[in-house]
2 protein chains.
Amino acid sequence: MLKLSKKADYGLLAVNHLTLYRSQGSVSARDIGKTYRIPVGLLAKVLQRLVQKGLLKSEHGANGGYRLAKPAEFISALDVISAIDGPVVITSCKTERGECVQTPACTVKEPLRRVNDRIVEALSSLSFAHINNPTFRLAAN
Amino acid sequence: MLKLSKKADYGLLAVNHLTLYRSQGSVSARDIGKTYRIPVGLLAKVLQRLVQKGLLKSEHGANGGYRLAKPAEFISALDVISAIDGPVVITSCKTERGECVQTPACTVKEPLRRVNDRIVEALSSLSFAHINNPTFRLAAN
DNA sequence: GAATATAGGACTGGAGAGGTCGCATATGCT
DNA sequence: AGCATATGCGACCTCTCCAGTCCTATATTC
Ligand code: SF4
Ligand code: SF4
């Protein structure tokens, strides 16, 4: 249905929160969850995934939490989304269960691939430094 | 998961088929289904939806089938996708069951809306006349 | 009237999204 | 030491929605 998963959405929200409050050190999943009314357990797993992918760093124990692993300019919406949902591909040409049976005769695969490229480009050109700039514009727009 | 539904995919394939063979009059769902190995019953309903939305015209009875309702230049990928899957919106800010509880505090809604705009633009600039031109390029690229 | 087509609704199975829980582990505070 | 608070991680559950089937009604051709 061409919709972002809620987990990816939560991820974007969380990373943006960490960007906004990066001067205050680590923030716990609990705090972020309360701020945006995100189920804490679920958010925790999203954040853990982002740590695995190297976008965030975590600190255990009391006063622990998460913080950005690198400057906000170098973290894009695409990074977050693909870390959580996997690679951004709008078609189902090939899945883990083999490739789509229409593939051999398919006439729209290439055009859709190009659309996909544009989406990827739009998402990767959107960094979190960018998002919080009130006058931001997407690249090539 | 930011993926096109299979129905929309089938719709694109079918409309493109009708574009390629538009000189030969109507084509039945059965024929299209066999060409691309699409379940005929499902394809039929997809095509019916496209008729309802005014993208195709249908003819009942033997030798009947579907044909484009207008020139291929005036039918875009967005037309087909939104006819089948509904409006293209990558977020779940508002659904039929009210609006997302994060909305009041959400800091990524606007940026995502802009990404959405770019996707819509890419899809609407992709007409079927365009798709079948071997040297096509997406607009603003 | 037989064959072939669309129109459209009801229904089903299964995958996956969204969310919960419990337990292990690490850290800070008193 | 002991407790509270964190993350890390896997198992599990529920519910929605996609994909696909089926059946019936209607329209058209031959
Ligand atoms: S139909 Fe064509 S585009 Fe759609 S998934 Fe199969 S191959 Fe990819
Ligand atoms: S979280 Fe923000 S962006 Fe995501 S759906 Fe709710 S409002 Fe829209």
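If you're wondering where the values come from, they're calculated on a predicted model, not measured in any experiment. Here is how names work: the chains are called A, B, and so on, in the same order as the sequence lines, proteins then strands, and each is numbered from 1.
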Checklist outcome for this item: A/R37 atom CZ is separated from C/dG19 atom C1', nearest whole Å, by 16 Å
Checklist outcome for this item: Correct closest heavy-atom pair for B/G54 and B/K70 would be O-CE, 4.3 Å
Checklist entry - To the nearest Å, how far apart are B/H60 NE2 and C/dT6 C1'? => result 4 Å
Checklist outcome for this item: Whole-Å distance, B/L47 CG to C/dA7 P, equals 9 Å
Next on the checklist: Go nucleotide by nucleotide along DNA chain C from the 5' end; which of B/E59 and A/A62 gets its closest nucleotide reached first?
Outcome noted: B/E59
Checklist outcome for this item: On a heavy-atom basis, the closest approach of A/V89 and B/K3 is O-CE, 3.1 Å
Next on the checklist: By nearest heavy atom, map A/M1 and A/G64 onto DNA chain D; which one lands nearer the 5' end?
Outcome noted: A/G64
Checklist entry - Looking at A/D9 and A/K6, does any basic side-chain N land under 4.0 Å from a carboxylate oxygen? => result yes
Checklist entry - Do A/N16 and A/T19 meet the criterion of a side-chain donor-acceptor pair at a distance under 3.5 Å? => result no
Checklist outcome for this item: Closest non-hydrogen contact found for A/Y36 with B/Q102 is O-CG, 3.0 Å
Item to check | Spacing of A/L43 atom CG relative to D/dA6 atom C1', expressed in whole Å | outcome: 13 Å
Next on the checklist: Could you check whether A/S127 and A/E73, counting side-chain N and O atoms only, form a donor-acceptor pair closer than 3.5 Å?
Outcome noted: no
Checklist outcome for this item: Contacts of B/S92 and B/N63 projected onto DNA chain C by closest heavy atom; the upstream (5') one is B/N63
Item to check | Under-4.0 Å side-chain N/O to phosphate OP1/OP2 contact, B/S58 with C/dA7 | outcome: yes
Next on the checklist: What residues from residues 2-35 of chain A pass a heavy-atom cutoff of under 4.0 Å to DNA chain D?
Outcome noted: A/S28, A/A29, A/R30
Checklist entry - Going by modelled atom types, is there a donor-acceptor pair between the base of D/dT7 and the side chain of A/K45 at under 3.5 Å? => result no
Checklist entry - Within the structure shown, what part of the strands sits under 4.0 Å from B/R97 by heavy-atom distance: base, sugar-phosphate, or nothing? => result sugar-phosphate
Item to check | Where A/V15 and A/L56 come nearest, the two heavy atoms and their spacing | outcome: CG2-CD2, 4.4 Å
Checklist entry - Hey, is the side chain of B/Q52 poking within less than 4.0 Å of OP1 or OP2 on C/dA7, counting only N and O atoms? => result no
Checklist entry - Quick one: A/Q48 CD to C/dA24 P, roughly how many Å, whole number? => result 16 Å
